[in-house]
Amino acid sequence: MEIYLDANATTPVMPEAQAAAQGAMADDFGNPSSVHSAGLRARALVDDTRAKARRVLGVDAGRLAFTSGATEAIQTAVLSALAAVRALRDGGAATPGLILFGATEHQAVPQAIAHWNALLGLDLETRIIPVRRDGRHDLGWLRRHAGDAALVCTMAANNETGVVSDLDGVAAALAGSPAHWLVDGVQALGKLPLRLGERHIDYACFSGHKLYAPKGIGLLYVREGAPFTPLIVGGGQEDRLRSGTENMAGIAALGAVFAALLERRGFQDAATLAACRDRLAAALVDAFPGLVFNAPLPLCLPTTLNFSVPGVGSGVLIDLFDAAEVRVSAGSACSAGKATPSAVLTAMGLPPAQAASAVRLSFGPRVDSAFIDEACARIRACGESLRDSALCPADARTPAPAEPLPGLVRFVADGACCYLLADAQTRRCVVIDPLPELAARLAGWITARRCTLAAVLDTHSHGDHRSAAAALRAAVPAAPLTPGSTDALGWPLGADALALGALRLTRLATPGHTADAVAYLLHDGPRLRWAFVGDTVLPGALGRSDFAQSAPLAFLDTLRGLERRVGRDALLLPGHDYHQRFATTLRHEIAAQPLLASALDGCIDAEGFARAKAALEQNLAPTAWCTVACGATVDPGGEPAVEVDGARLAGWLRQRPAALVVDVREPYERRLGTAGDLASRAAPLSQLIEVLPELLAAEPGRPVVFFCRSGNRSAQAARALRRLGRAEAWSMAGGLARWSATAAPACAATLGAAL
Ligand code: PLP
């Protein structure tokens, strides 16, 4: 059973609402503007839903219009308020100069404000009402600015955190203000008494799909006497508030939801909801040591929890929950695709790392106890699985993970890479370029696996962050590494090589990006396995050399020296990987980067090279994560289409040799979820580099097909393999989320027969 805990994004349509919509489509399908009986029945349905809406919202007076959703209602309200300002101004009256909106508003509000402010040529100054650390508006600030405000927008409850606004406090702060007041009531509907009529709210907006009605139906409330300008004109429906034939299925469904809400059929009261929320909160605290809630629970909707687990990214948690069939989201659904920290949590003053790792868990007011029981059990199972993989900061309960020790694990934060090398025999490990945000996770990983640290190395003195080497050494058992016995980058003084079981790590000076830069080379006997090149060569770029600590004139010799030492086909592991390429080789980079080609194949001299490089590095834009770009990317690598559908894969599984199907989910996900017998190989994305040579060497013509939960990580793996020269690399489109329901069983059966 799927445990859906993402109700603030959308809810399922409740059965009574489905039946009502079905009735409006099949039986009472008339047009409410028609004067015959079928039309009159439809009109009665619209009137009935509107009457119920009045009771739910607590308004006798004022106007209520059905819209396509809250976004449309917000547009209409903002247009109405600003068009009134424009009319006053055109008539020569003095008008207030400010538009104010809460710092944590849904994007629909600031976007609508910017749009209509510009389109109406008003050019009013927009200011953001700051919120306090608890997520509530700074009412003192609002009071100070309210006198010059034409429009003030505040939400009733926040979609990401669930923080409930102090609407009475806002109303008091607006006393005497000329401002029109818009309240986004989307997340409050059905969860809080809104008492719209008792407050001097001019406009309020609601959305059906957040409360068990279908998508495409919403509501706009307009206070009696508040100015109104329609957004959509035409047939004059909805008493000229909103033209266009009504969405009868949506209106009927919304009516059924309101009926159930008013009769409290299936809808829980606030105390019951809070008890459910508290049980979920307790399960989370139990499952994830160190978990912090990002907003004070007593100030939040009783149906929303927003939390972070220090050291564990929201992506990890979402994959983990999803593997246990628990659907949650990172921040808000609209920003889920972005790597940037949540703007809502940032506005509340949370540290970026905490704001970037936030997870939201939300349920609807028709929840029941059995659902919460199951959700709590799954949350606890998720916590156990994460602890078994030792990806939570280690605590006393952390057992040693069952899986064999991997040889190389890559950790990534905001495009920066950190590598952990481990030797299964001696359980010694080496960490290269530890990032501060990963220190707790690395320490947990090493401690839980009962490893000792042979060394913590940096490839250079980083300009963009502090190395976490000292923190890591202090946190985990270190082999004979006494303070002062290493150089500034962590290399043991006087040592030519570091032994890691049968493997040997040596270093090579690579001045350029910084004067002190080095590469670390890992040898297995005579064979070079990997070169950790820091920021000297990145996929699609050369490390920039315009920092104070750079040595630009040394860069050319460094590249030539690197080529002499490792050759053109050794796998280079970079310090930054902005486009998820995982590894590269000099041969690939020569083909992709003309400047590198001229360095290694041409006759450019050190000064000419430095000059050409400096030209590339002028005015480098920050990265997608708003961090300093460590090189001028001349080849972002492109995004070739790598998706393969079920029918094609089934064919590949029947051919000889059959497709190699690789599961790139992490062990903590595999433990919780099943993928049938689909995978012929498991290679978690964090350990992909270790199996790259094997995958690249698969029989020519044999498709290599990756899969994961959503198709995102498998596409990264497929593209990385393609870039390294294997054309037959693919990703299962849509991942298990789509496949498990449709093609996976058939493919698994085929695969079973093929193996
Ligand atoms: N306002 C808030 C607080 C929301 O959560 C949402 C939906 O995410 C919206 C507005 C937009 O609603 P709709 O999807 O109905 O346009």
Side-chain angles (χ1 to χ4, degrees), residues 4-13 17 53 57 64-79 101-115 129 131 135-137 153-165 167 170 181-192 194 196 201 203-221 231-232 242 247 249-251 253-254 257 295 300-301 303-306 327-338 342-345 347-348 358 360-365:
Y4 183 80
L5 285 169
D6 201 13
N8 287 10
T10 197
T11 52
V13 178
L57 302 178
L64 274 179
F66 294 107
T67 62
S68 64
T71 300
E72 184 194 323
I74 290 167
Q75 300 295 314
T76 313
V78 170
L79 167 65
F101 63 89
T104 58
E105 289 298 308
H106 186 276
Q107 271 308 300
V109 168
Q111 294 291 334
I113 290 172
H115 180 69
I129 309 164
V131 294
R136 284 193 153 180
H137 300 102
C153 305
T154 57
M155 59 196 341
N158 184 267
N159 47 311
E160 288 189 37
T161 58
V163 169
V164 176
S165 299
L167 289 186
V170 173
W181 182 18
L182 160 61
V183 171
D184 173 347
V186 169
Q187 295 295 344
L189 188 66
K191 303 166 196 165
L192 294 176
L194 277 155
L196 282 186
I201 293 169
Y203 310 97
C205 309
F206 304 95
S207 183
H209 74 99
K210 311 282 184 178
L211 194 73
Y212 306 112
K215 290 151 193 74
I217 185 71
L219 262 179
L220 170 65
Y221 159 75
L231 177 71
I232 302 176
R242 200 273 192 184
N247 168 4
I251 291 172
L254 195 58
V257 172
C300 294
L301 287 173
T303 50
T304 304
L305 286 161
N306 188 305
R327 314 298 176 218
V328 301
S329 76
S332 72
C334 313
S335 61
K338 298 183 196 157
S342 145
V344 168
L345 299 178
M348 288 164 62
R360 177 185 70 185
L361 190 153
S362 53
F363 55 91

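When a ligand or atom number is given, it counts from 1 through the structure's own listing order.
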Worksheet item: Donor-acceptor pair, R360 side chain versus T161 backbone, under 3.5 Å?
Response: no

Practice prompt. Measure the spacing between SG of C300 and NZ of K191 and express it to the nearest 0.5 Å.
Written response: 12.0 Å

Worksheet item: How many angstroms lie between CG in L361 and CZ in R327, if you round to the nearest 0.5 Å?
Response: 13.0 Å

Worksheet, complete the sentence: Closest to atom 9 (C) of ligand 1 (heavy atoms only, candidates H106, E72, Q187) is H106

Practice prompt. Please state which part of A108 comes within less than 4.0 Å of ligand 1, counting heavy atoms only: side chain, backbone, both or neither.
Written response: neither

Worksheet item: With Q111, which residues qualify under side-chain contact (heavy atoms from CB on, under 4.5 Å), at least two apart?
Response: Q107

Worksheet item: Quick one: which ligand 1 atoms are inside 4.0 Å of a heavy atom on G69?
Response: 15 (O)

Worksheet item: ligand 1 and H209, any nitrogen or oxygen pair closer than 3.5 angstrom?
Response: yes

Worksheet item: Has the side chain of N158 got a donor or acceptor atom that lies under 3.5 Å from a matching backbone atom of V163?
Response: no

Practice prompt. Pick one of side chain, backbone, both or neither for how K210 approaches ligand 1, counting any non-hydrogen atom pair under 4.0 Å.
Written response: side chain

Practice prompt. Would you mind running through ligand 1 and noting each atom that sits below 4.0 Å from a heavy atom of S207?
Written response: 13 (P), 15 (O)

Discussion item. Which residues pass the side-chain contact (heavy atoms from CB on, under 4.5 Å) test with A7, not counting sequence neighbours?
Written reply: T11, S362

Discussion item. Suppose I only count heavy atoms of M155 and a 4.0 Å limit; which atoms of ligand 1 are within that range?
Written reply: 3 (C)

Worksheet item: Is the closest N or O pair between A157 and ligand 1 shorter than 3.5 Å?
Response: no

Worksheet item: At under 4.0 Å between heavy atoms, which part of T71 makes contact with ligand 1: side chain, backbone, both or neither?
Response: both

Worksheet item: Judged by atom type as modelled, is there a donor-acceptor pair below 3.5 Å linking the side chain of S165 to the main-chain atoms of M155?
Response: yes

